[in-house]
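In listed order, ligands and their atoms are each counted from 1. On a predicted model such as this, the values are computed, not experimentally measured, just so you know.
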Amino acid sequence: MPVNCLYCGESIAEETARCPHCGAPSHFQKKGFRVGARARFLILFVIFSLATLIVALLLPR
Ligand SMILES: [Zn+2]
């Protein structure tokens, strides 16, 4: 999937580490990592919330 370079605006491949036109490092590579990290964080957050809820319900009052 081609994307536009942030520096020179030329069309480059998304998985390219560096822009072949101006040599600038591509910022689109890290996008996938950030999305993956965010998804992992959401899953951990849901698990933590459920664990807290279960503990709160099981605790004697
Ligand atoms: Zn460029």
### Query
Got a second to check how far Cys22's SG is from Glu10's CD, nearest 0.5 Å?
8.5 Å
### Message
Can you count the protein N/O/S atoms lying under 2.8 Å from the Zn ion (ligand 1), leaving waters out?
### Response
4
### Query
Is there a donor-acceptor pair closer than 3.5 Å between any side-chain N or O of Arg18 and the backbone N or O of Ala24?
no
### Message
Could you report the tightest heavy-atom contact between Thr16 and Pro20, atom names first, then the distance?
### Response
CG2-CD, 4.4 Å
#### Entry: Euclidean distance, Cys8 SG relative to His21 NE2, rounded to 0.5 Å
6.0 Å
Going by atom type alone, with no hydrogens or angles, which donor-acceptor pairs under 3.5 Å involve a side-chain atom of residues 44-57 and a protein atom two or more places apart or on another chain?
{"from": "Ser49", "atom 1": "OG", "to": "Phe45", "atom 2": "O", "distance (Å)": "2.8"}
{"from": "Thr52", "atom 1": "OG1", "to": "Phe48", "atom 2": "O", "distance (Å)": "2.7"}

### Query
Are Ile12 and Pro2 side-chain neighbours, meaning at least one heavy-atom pair lies under 4.5 Å?
no
